Asker: 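One structure, pasted below without further comment.
What you are looking at is a predicted structure, and each value in this text was computed from that prediction instead of being measured.
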Amino acid sequence: MICERCGAEIYKYSTCRYCHRKICNDCVKSSKRVSKTVRLVICKDCWTNINYRKAFKSATADNY
């Protein structure tokens, strides 16, 4: 499998919550678990968008 952000070959990927791309571990800027079953991931590209960053930082288990 290929990372959709940097093009590196990967065997395990995460999906960015905001751009919905499959990204490698190096392209993940931050991740957090808002409940036992929901893990939010944001990529480095989406981190630069202030609206996506605010949504990520303020995410709680009530939203999902």
Side-chain angles (χ1 to χ4, degrees):
M1 182 160 282
I2 303 293
C3 175
E4 294 176 0
R5 182 179 177 270
C6 68
E9 188 173 339
I10 54 175
Y11 65 95
K12 184 179 178 186
Y13 66 89
S14 301
T15 304
C16 179
R17 174 78 179 173
Y18 304 97
C19 64
H20 305 291
R21 291 189 288 183
K22 295 179 180 87
I23 55 175
C24 64
N25 216 15
D26 293 336
C27 294
V28 171
K29 175 65 178 176
S30 184
S31 66
K32 69 180 184 178
R33 188 170 300 278
V34 293
S35 70
K36 281 190 171 184
T37 58
V38 178
R39 181 174 174 258
L40 297 181
V41 175
I42 188 167
C43 69
K44 291 179 179 179
D45 290 337
C46 292
W47 186 262
T48 60
N49 185 333
I50 195 70
N51 293 327
Y52 288 158
R53 190 186 316 175
K54 282 182 184 179
F56 176 78
K57 287 188 170 192
S58 66
T60 60
D62 298 333
N63 298 349
Y64 301 97

Asker: Look at the side-chain heavy atoms of Ile, Leu, Val, Met, Phe, Trp and Tyr, link any pair under 4.5 Å apart, and say whether Leu40 and Trp47 land in one connected group.
Answerer: yes
Asker: For residues Glu4 and Cys27, determine if any side-chain heavy atom of one lies less than 4.5 Å from a side-chain heavy atom of the other.
Answerer: no
Asker: Could you grab the distance from atom NZ of Lys44 to atom OG of Ser30, nearest 0.5 Å is fine?
Answerer: 11.5 Å
Asker: At their closest point, which heavy atom of Tyr18 faces which heavy atom of Cys46, and how far apart are they?
Answerer: CB-SG, 3.9 Å
Asker: Answer yes or no: is there a side-chain heavy-atom contact under 4.5 Å between Val41 and Ile23?
Answerer: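 They are in contact (side-chain heavy atoms under 4.5 Å apart), so the answer is yes.
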Asker: Taking CG in Asn25 as the centre, count heavy atoms belonging to other residues, nucleotides or ligands within less than 6.0 Å. Is the count above 12?
Answerer: no
Asker: Roughly how far apart are Ser31 OG and Arg17 CZ, rounded to 0.5 Å?
Answerer: 14.0 Å
Asker: Between the side chains of Lys29 and Asp45, is the shortest nitrogen-to-carboxylate-oxygen separation below 4.0 Å, so that they form an ion pair?
Answerer: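 Salt bridge between Asp45 and Lys29, a charged N being under 4.0 Å from a carboxylate O: no.
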Asker: Got a second to check how far Ile10's CD1 is from Arg5's CZ, nearest 0.5 Å?
Answerer: 12.5 Å
Asker: Do Lys22 and Cys3 come within less than 4.5 Å of each other through their side chains, counting heavy atoms only?
Answerer: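 No, their side chains stay 4.5 Å or more apart.
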Asker: Flag yes if more than 12 heavy atoms outside Tyr13 fall under 6.0 Å of its OH atom; otherwise flag no.
Answerer: no
Asker: Considering only heavy atoms from C-beta outward, does the side chain of Phe56 approach that of Lys32 to under 4.5 Å?
Answerer: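 Result yes, sub-4.5 Å side-chain heavy-atom pair found.
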Asker: What's the spacing between Ile2 CD1 and Glu9 CD if we round to 0.5 Å?
Answerer: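 The CD atom of Glu9 is 5.5 Å from CD1 of Ile2, to the nearest 0.5 Å.
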Asker: Could you report the tightest heavy-atom contact between Cys16 and Cys43, atom names first, then the distance?
Answerer: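 Cys16 and Cys43 have their closest heavy atoms at SG-N, 3.5 Å.
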Asker: I need the Ile42 CD1 to Ser14 OG distance, nearest 0.5 Å.
Answerer: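 Atom-to-atom, Ile42:CD1 and Ser14:OG are 13.0 Å apart.
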